[in-house]
Structure formats: structure tokens, C-alpha cells
Amino acid sequence: MSLAAGPGRGRKAESKDLELVVDKHVAYVQALDTRRGELEYHLTEHLRISGIYWGLVALHLLGQPDALPRDGLIEYVLSCWCENGGFGAAPGHDAHILYTTSAVQILAMTDGFAELEAKNANRKRKIADFVAGLQQTDGTFAGDEWGERDTRFMACAFITLSLLGYMPAQRPNDNPVVNVDAAVSHIRACQNFDGAFGLTPGAESHSGQVFACLAALSIAGALDSTLPTSAKDRLGAWLSERQQPSGGLNGRPEKLVDVCYSWWVMSSMSMIGRLHWIDREKLVRFVLECQDPDEGGIADRPGDMVDVFHLCFGVAGLSLVRYEGLVEVDAAYCMPKHILDGVLGR
Amino acid sequence: MASHGVPRVSGTATSDKSVAAKEKEQRQIAEYKGLEKDVIDRIKGKDFSNDTFQATSRLLQQNPEYHTIWNHRRILLQDVFRRELASGNSAVITTQADEAHNGDVQAASKAGLTLAQQEISLLLSEDLAFLIPLLKQYPKCYWIWNHRAWLLAKATELLPVRTASQMWRGELALVSKMLVLDSRNFHAWSYRRSTVEQIELLEGKSLAEDEFAYTTKMVNTNLSNFSAWHNRGQLLPRLLHERQATDEERKTTFDAELELITRALYTDPYDQSLWFYHQYLTSTLVISSSSDANGDARRTNILAAPISHVTSIAYLEQEIASIEDMLDGAEDCKYIYQALLEYSQRLQELADGSTDIVEPSKMASWLDEVRKLDPLREGRWLDLAVSLKL
């Protein structure tokens, strides 16, 4: 086998007939939890629940939603629940909005909310209260009790609350648990002249933050009122300039391309209806070149180490551009669209 | 798990590793798990001792992404602060200290600190120093930046203004160093802005002039640094406001800025960063329906407001002419055609449907060039053709 693992192995020699190695990717995700003999497995425990979310999204989009055992997933997620209502990344870890979002997304994908409520009643409400409790007077959300804040957490908050059915618009007869208008105004303040968004007001535009802000606006139902056609054109122009001659996308002007921006940039373009402003074929080819064709997984760039994070966002990006055979992804949630249609009743 | 820019050196399978390497890895895992268990057991048992604190240091050095451990570390620090403040060392000691603490007392007295504050200040400084090598090794780790921000917020909360502001000043110097290592690190730029804001609050004076000079230095070192250009654009309106600049002075500054970026563009018209700054400058000329519908409240102008249509039109015409000149020798640069199209479109909007200022045939030929040079964004150019009615 001349293609055996070795130094510097990247793309296939004959890259004309590149295709998505679906079975290899499924096997790659399935094998992730068997790697306890590696130090890296233990050093990444603080991300475990997000890792499961990334792997599960990839499996769903690849059409193999049951490739990981459902009961085991739900049991693990529930074991990460903290008394303050949030979830940590692993049992015994402190709660944080990032991991709370991943946990709720996994429960939505595994249809596990009944098991959550069976643990003790009102747990959905407790999670919603944890998230709502992180909102500050200026509309932003902190990540946890220690107070770090940025636009990413607004997307996390709205994704989580909507999946739990606690966005104010979903409960018109109850007192709203969060101030949506304050959050939306803050997002507007984070917009720059180039139409894109930064981490905080005055911060440089960054595609990751663009995704976070558009996802939050979209879930809040404030996307079109915030961005009229001309603003979408401006933002779309900035986003489309992220595509580089290799076909890959970068996160900011004059930075390196990276597979994860296939997601942050393209989902944003999709939310504002400008996805056709970049070259689909070249992008697809770039993502496929970042695969490990033998053992599965996708890397940030061809030839680099693969991981489940880039696998998730690479596959999600391919789904967004309707790569053949993939399940359709939702641009704001990065989850299978059909699941959201069910959970959100839309 | 999310590895960026790490070359793939071997397969994922552990079977590739030698027996010795596997054994070594098992030892490392056992050691790491042992240390982790030790820290967690100590925290559970409310052992808030210096030993526990040192154990968190060792664990975080191995794994600075482990946010729960940073939380534990803050709990330990808070406990020491509480004890110090409760210990009665709250008077600013001037004289008559006991022999043993003479050195500390003198130092504290000199800085105008209570003994408790002196201890807290020392702890904060030590922890800030502990983070520096970690930050250099993991410059994109959110948790390290967060922990620094927390430490400094504690300085503001618990120490006299002068001491706190000294610490924040030190922080500004550190951020500058980090930006020498990576001039685009957005954590560092964002952290820099909040650091400056804190110093301004503590010292009651603006740092806008210094920060503006810093961006000048940064873009002179490397023109292709959009982060620096961005910050410059943020500072400019504020700077002019603080200078209480006259209309004439505003015009002089604006012209100088346009000249600076135009010269840079002549040097490298293929650099996106420069075009975005040029766009920023011209975007302050017109607040038309095409700029944005919501940012107006925080948009402060560089030129004296309100800017007349005549002035805006004159500037746009001047820029279009200057950009057209750039084509000489750079006919294959798509950004030039994009800018010509964009500014012409804006000019047309300003002219408000009166006679065509830019000939449609010219616009059509620019669009043709862009389409030829930039097939990646063909969909965008087709949409533009429709909206320009070309």
C-alpha cells in the first residue's frame, strides 16, 4: 500500500475524481471515543460535549444518524448537567454557555428531551433560566458566571432557548425570559462600515462573528429589518471576497484559508441569500482536498492534521451547497434542517 | 480537537507508534490524570492552600484550555483577597511597623497602599507574569486572555487608582509585544481596545492620540495590516472631535489620510486590506441609502458634517480619476475595476437620476473586466449587472 500513513501525506495524487469518503468519515467519528490511549484525548476533555455535537452533526448530514448509540449519547449529555442549570463539557466540568448549547443541540438531534425531563421535571426551564441569567443589561450574554462576553454567546443563547421553546416569540403569553430587542441593538452596534460584524462594537469584522450575529438575528426574526437589500449586498460583497484562488475561504482580509470558514462564511451568505456569489465547484474541491481519504476526517487545509471540528464544518459547508447525497443543513443552527422543522414546529 | 495549521505527520492510529513511545504516552496520561484528580479533590475538599494554587499552575501549564481549572484558580485567588482584606491590614501604614514586616510596610507605604493591597497587588502581578509564557505559546487561547482581563478588573476594583493604572499600562506594553509576534491577532487587538478604555477611565484622559500614532507605526511596518487600518478608522473621528478640529483642519486630515492610502494602493493595488480602508474613508463621505440603515447613530464623521452633495461629488470624482490612473501597469487588478464601479454607482445615486455622470459604456467595460478577472464571483457580477441596468 503506497498510500500508507507517513510524513506529509495530504491529498490524493489524482485529485480529479475527488469524492466525499462518507464511510471513512463515519468510521472516523465512531472511532473517536476509542482513542483513550492518546494523551490528546485527555487534553481535549474540556471540549468533549462540543466534540460529540460536531461528530453527530457530521453523521446526520452524512446520512448515518444512528452511527453512535443514542442511549449512550443521552446518558453522557445528562451526566454533564450542573446544578446551576447549565452543562459542562464533561462530567465535573463547570457549566458554560458554549457547552450548554452543544448539549441542547445533541438532545434535539437524539430526540432526548423526554429523557431530560424524566431526570427531573422542569429541567428545560432550568436550562432556559441559566441561559437567560447570563444576559447583561446591554443585551449581551456572558459565557458563564465569570463574565466573559462576546457576540458568539448571543447566537448560543438564542439557539439554545429556541430549541427549548423559550424564545419570547414562542411563548407570547408568558413573561419574556430574555430581552431580545436589547440583544438585537447590540448586534447592530457591532456592525462595521464594510457590512460585516465584530466581536464587540468597534472590533474588526470577522466571519466567525458574522455567522454568530446573523444566526442570532435570524432566530430573533430580525434579520431583514436589520439588513435591507443594500446592507445585504455590502455584507455579501465582503463575505464573497473571502474566497481565495484555491477555492477555500478565509475569515478576514489577507488571512489563510481554512475549512471551518466554509461554514462561517457560507452559512452567513446563505442567510442573506448571497450564497451564489462564490464559486461552488472550487469550494467543494477545496474541502474534498482537505479529507484524509484513507482514515476519514477533514483538516483545516490540505496536508494538515484532521479533526472532528473541521469534519463537521467541512461536511456542513458541502451540505449547504447541496453536495449530492448529503442531508440538508440549517444555516443558523448548523444542524439537520428536518430536525429543526420538527423541534421548532415550522 | 480543533487543530489549526498542524501538519499531518502520521495517521491517527496509535499502532504507528513504537512501543517505547506508547509507554511514554501512557505515563504522561497517568501523570496528567493524577494531577487533574489532585486539583479537583482539593477544590472539592475546600483546600484553598498555596499547594492547591501551585497544582492548578502545573495543570494549566499542561492544558491552558481547561476552563474549569481557571475558574478554580479564580476561586482560590478570591479567597486570598478576602482573607487579606479581612485581616485588618487595611490602614495605610506610615511609620512604626514591626521589624519583621519592615520591608513590606515601607514598600506599601511608598506606593500609598495598605498592607492588604500590597499583598493583593503582588499576587495579581505574579499571576499576570505566570500567564505570559502561556500566552506566547497559545496566543489564540480565549481562556488565557479572559483570565488576564479578570485579574486586571480585580486590580481596578481592589487597588488604588495609581497602582491599578500602572498595571493596565504594563498590559498595554504586553499587548504591543504580542502584536509584534502576530500583527493580526484579533484577540490582541480587541484586548488592546479594552485595555486602552480602562486606562482612559482610570487616568481620566484620552489615549486617542497615542493609539492613532501606534496605528501609523503599525501600517508603516506592514501596509497589509487591516487590523491596524481598522483601528485607525475607529480612532480618526474621535481624535478630531477631541482636537476640536475646525472644518479646515478636518479637511486637511481627511485629505492626508486619502493621500496615505492612495500612495499605499499605488504600491500594492492587489491588497484587499488597503481597498477596505479606502472604502471606509469614502463611506464617511456619503450617508446614502446604500451605506447602512442603522449604524448612523454611532457614525461620526471625519469631515465636518453635514457634508454637502457638491463636496461629496467632488471627492468621488477625484477618487475615480485617481483610481483610473492606477490601472496603468495594473490592468489585471480586479480591485481597481470593483472600486471604479462602486464609486461610480455612488456618484450616480448622489446625482439623483440627473444626467449620467459616468458614461454607461465605461461602466460596462469595467464590469466586463471584473468578470474576466474574477470568475470565482461570477454570480455577484451578474447580480451587479442587473442592478446597474448594464
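By convention in this document, chain letters (A, B, ...) are assigned in the order of the sequence lines, proteins followed by strands, and residues within each chain are numbered from 1.
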Requested in this report: Look at A:Asp194, A:Thr229, A:Asp258 and state which one has the largest set of heavy-atom pairs under 4.5 Å with chain B.
Outcome: A:Asp258
**Report entry** Leading residue by heavy atom contact count with chain A [cutoff under 4.5 Å; candidates B:Lys33, B:Arg184, B:Glu36]
**Finding:** B:Arg184
Report task. Tell me, for A:Ala237 versus chain B, whether the close heavy atoms (under 4.5 Å) come from the side chain, the backbone, both or neither. Result -> both
Query raised in the report: In terms of side-chain geometry, is the basic nitrogen of B:Arg380 or A:Glu241 positioned less than 4.0 Å from the acidic oxygen of its partner?
Result: yes
**Report entry** Part of A:Glu45 lying under 4.5 Å from any heavy atom of chain B
**Finding:** side chain
Query - Option that, when pairs with chain B are counted at under 4.5 Å, heavy atom only, ranks first among A:Asp279, A:Ile278, A:Leu283, A:Leu39 - result: A:Leu39
Query raised in the report: Which pair of heavy atoms, one from A:Ala203 and one from B:His230, lies closest together, and at what distance?
Result: C-NE2, 3.3 Å
**Report entry** Qualifying salt bridge (Lys or Arg N to Asp or Glu O under 4.0 Å) pairs with a residue from residues 222-232 of chain A, counting only residues at least two apart or across chains
**Finding:** A:Asp224-A:Lys232
Report task. Name the orientation class of the two ring planes belonging to A:His93 and B:Tyr66 (parallel below 30°, tilted from 30 to 60°, perpendicular beyond 60°). Result -> parallel
Query raised in the report: If you count the non-hydrogen atoms of other residues, nucleotides and ligands that lie under 6.0 Å from CD in B:Glu157, is the total more than 12?
Result: yes
Report task. Using only heavy-atom distances, determine whether the side chains of B:Arg377 and A:Ser240 contain a donor-acceptor pair under 3.5 Å. Result -> no
Report task. Heavy-atom distances under 4.5 Å only: say whether A:Asp150 touches chain B with side chain, backbone, both or neither. Result -> side chain
Query - Portion of A:Arg36 that has a non-hydrogen atom of chain B nearer than 4.5 angstrom - result: backbone
Query raised in the report: So, A:His276 versus B:Asp383: side-chain donor-acceptor pair below 3.5 Å or not?
Result: yes
**Report entry** Geometric class of the B:Trp143/A:His96 ring pair [parallel <30°, tilted 30-60°, perpendicular >60°]
**Finding:** perpendicular
Report summary line: If you tally heavy-atom pairs under 4.5 Å between each of B:Pro375, B:Ser224, B:Ser190, B:Ser227 and chain A, the highest tally belongs to B:Ser227
Query raised in the report: Given a strict heavy-atom distance threshold of 4.5 Å, which part of B:Lys24 is in contact with chain A: side chain, backbone, both, or neither?
Result: neither
Report summary line: Note: vs chain B, highest number of non-hydrogen pairs under 4.5 angstrom among A:His206, A:Gln244, A:Lys282 is A:His206
**Report entry** Gap separating the CD atom of A:Gln243 from the CG atom of B:Asp374, nearest 0.5 angstrom
**Finding:** 9.0 Å
Query raised in the report: Rounded to the nearest 0.5 Å, how far apart are CG of B:Leu376 and CZ of A:Arg280?
Result: 14.5 Å
Query raised in the report: Among B:Gln28, B:Glu342, B:Glu65, who wins on heavy-atom pairs under 4.5 Å with chain A?
Result: B:Glu65
Query - Heavy-atom side-chain proximity of B:Gln279 to A:Phe193 below 4.5 angstrom - result: yes
Query raised in the report: With a 4.5 angstrom heavy-atom cut-off, which part of B:Gln78 approaches chain A: side chain, backbone, both or neither?
Result: side chain
Requested in this report: Among the options B:Ile69, B:Asn231, B:Asp271, B:Leu384, pick out the one with the most heavy-atom pairs lying under 4.5 Å from chain A.
Outcome: B:Asp271
Query raised in the report: Do you know which of B:His72, B:Glu378, B:Lys44, B:Gln338 has the most heavy-atom pairs with chain A at a distance under 4.5 angstrom?
Result: B:Gln338
**Report entry** Proximity breakdown for A:Tyr99 and chain B, heavy-atom pairs closer than 4.5 Å
**Finding:** side chain
Requested in this report: Select one option (side chain, backbone, both, neither) describing which atoms of A:Leu199 are under 4.5 Å from chain B's heavy atoms.
Outcome: side chain
Query raised in the report: Has B:Gln61 got more than 12 heavy atoms of other residues, nucleotides or ligands less than 6.0 Å from its CD?
Result: yes
Query raised in the report: Could you give the distance from CH2 (B:Trp189) to CD (A:Glu204), rounded to the nearest 0.5 Å?
Result: 9.0 Å
Query raised in the report: Given that the side chain runs from C-beta out, which part of B:Tyr270 has a heavy atom under 4.5 Å from chain A: side chain, backbone, both or neither?
Result: backbone
Query - Whether B:Trp150 and A:Trp146 hold their rings parallel, tilted or perpendicular, with breakpoints at 30° and 60° - result: perpendicular
Report task. Return yes if a side-chain donor-acceptor contact under 3.5 Å exists between B:Gln272 and A:Arg242, otherwise no. Result -> yes
**Report entry** Structural part of B:Ile75 lying under 4.5 Å from a heavy atom of chain A
**Finding:** both
Report task. Evaluate the side-chain proximity of B:Gln234 to A:Asn192: yes if any heavy-atom separation is below 4.5 Å, no if none is. Result -> yes
Query - Top contributor to chain A interface from B:Asn71, B:Asn63, B:Ile40 [non-hydrogen pairs under 4.5 Å] - result: B:Asn71
Query raised in the report: Going by heavy atoms in the side chains, are B:His67 and A:Glu148 under 4.5 Å from each other?
Result: no
